[in-house]
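A short worksheet on the structure shown next.
Throughout, a chain's letter reflects where its sequence line sits, starting with A, and its residues are numbered from 1.
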Amino acid sequence: MGGGYGTEQAQMRHNLATVLPAGPAYAHINLRPRFSFSHSSLLSLCSTMNWPALGQGLRQYGTRAARNKRVIDRIIRVDHAGELGADRIYAGQMAVLGKTSVGPVIQHMWDQEKEHKAKFEELIPQYRVRPTVLVPLWNVAGYVLGAGTAMLGREAAMACTVAVESVITDHYNSQLRELVNLGEEEHKELIETIKKFRDDEMDHHDTGLAHDAEMAPAYTALTNVIKAGCKAAVWVSERI
Amino acid sequence: MNMVSLRSGSSLLTRIITTYRFAGCTCGIRTSSSPLWSVNHGDGPTNTHNNNKQQQQQQQQQPQYENNNNKQQQQRQYEETDNQQTNKASDDSDSSGSSGGSTSEGDTYIDTEEGEYEVRQQILDAALPFVHSYGWTQESIVQGAESLGYSGMAHGMFPGGGVELVNFFYKQCNKKLEDSLTHKAEEINNDPQLKKGTTTLISEAVEERLRMNIEYMTCWHKALALHASPLNTIQALDNMGSLVDIIWYHAGDRCHDFNWYTKRGLLAAVYKSSELCMLQDKSDDFQDTWDFMHRRLSDVHNVGKCFREVDGVLQNASAVVKAGIITGLNIIGLNNKTR
């Protein structure tokens, strides 16, 4: 096919030469049209070389139903991971601060997270979703985060709550948008569930602020680090 | 038709065809002035070439699914709307204006994603009977397409070649298994007396699924070889994953933690080893394979029991050690309570 391309290039050069001014100053101008040729040449190359299209295997899910399934899969997987993490964080905080004055507050929030986790554990077999492979990791990491921030003081524990809940709220909101996009009627149940949980998380966020989260040492740095960690965890859990 | 056709405005298929024609020319094969594909005068849709007015007229009478498929593929792969518009424009301008080309009319079913998916499935389904003669190769797909009336060039829709046929067959079998297991679960619901143990359910499901391979047993090793290639690993693992998920779900597994993975991993190992055993099994009705499979399943069962026992032992062990220390202290007389 080399001969073919050569003559094509020559043809194009000839065509364009009549339009472009000649001379060394213009030699640098790329004679290939910006859109079609380079892509079509790539396609021809692919077809002649008979590379199995690597993306083809992944594109098998071309139907709407399969695409829906993929999206819901991800949503439920990451939400389950999130609630599991939150449950462990509160467990860690309670282990350190259980006997202090914020004990009941944390206990109340923990109970709600337990409810959320149970709901997602019910949804996993219902939608035939694969849970994230990092469940043991989030178990440990959540507990360590909760206990660690609680050891820095009750305000730090509240700051951790604020950071985590704000990431989770944003995350639930974007999931709701995605689900509504896919079809509000179809996914009514799931949308209602996530809405309710999002409202609960917003509540926790406000509770954290109300209990002097902002008085924590290095509040901005602490919350930013925890937020970044949460976002990374969300990204990974969505995929793995 | 000349090399100029390779520029913008040609679809993927026309480029493949151009390549073949060029190859044909260089090998001294006489090609007629009309395109290669016109030799196949089926009633099915034929491929089109934008610059050939003759084809354009045929194009208007027959659905343009091939062209649109490739347009859709291009669009998805490169997201170039400019290319599409150039194609559309040339289509419209080249048509003699009678119907303005099917592309500018409302979408036919085949133009949609679902439609394309349906066509792909039909072609692969039709290709399966040819596997006995041509193996899991592109040639089977060509024969399958032609048997449906499409041009043999439709194999261009399956760039992976033979492995796509293998995947299709695998998925088809998985689907059949799922339907059968759902049906069995309903029967058990209606008549509780039929209730079986988990291991029995699993062994029956694995046997049923392995029996579906018997039809292609002579060439199944080639299919497994295709799956073993690194390029196809993702697909192979995906297929295996959905298979073990189906079996476990219908055997009653509802877990949502790491055990989800251990259970499926163990079953995948059992299934794979049984499949390999089946490849060289010469016994009557593959009885050796079923015996092998039952032995592997009981191994898994024993491993699970062993883990549970070890867990129990460890918990008891700490209590035993504590008791031992206290006894020792008592003997030495260091227990403060009785001093």
Subject >> B/K184, NZ: over 12 other non-hydrogen atoms inside 6.0 angstrom >> reply: yes
**OP:** Working to the nearest 0.5 Å, report the span between CD of A/E121 and CZ of B/R254.
**Re:** 14.5 Å
Original post:
Taking atom CG of B/D257 and atom NE2 of A/H80, what is their separation to the nearest 0.5 Å?
Top reply: 7.5 Å
Original post:
Which one, A/T132, A/L84, A/N139, leads in non-hydrogen pairs under 4.5 Å with chain B?
Top reply: A/T132
Subject >> Verdict with supporting geometry, B/F258 and A/V133, side chain to side chain contact (heavy atoms under 4.5 Å, CB included) >> reply: CA-CA 7 Å; B/F258 198 72; A/V133 93; 4.0 Å; yes
Original post:
B/Y249 and A/P125: which non-hydrogen atoms are nearest, and at how many Å?
Top reply: CE1-O, 3.5 Å
Original post:
Is there a side-chain contact between B/I246 and A/R128 (heavy atoms, below 4.5 Å)?
Top reply: yes
Subject >> Any donor-acceptor pair under 3.5 Å from B/Y261 side chain to A/R130 backbone >> reply: no
Original post:
With a 4.5 angstrom heavy-atom cut-off, which part of B/D245 approaches chain A: side chain, backbone, both or neither?
Top reply: both
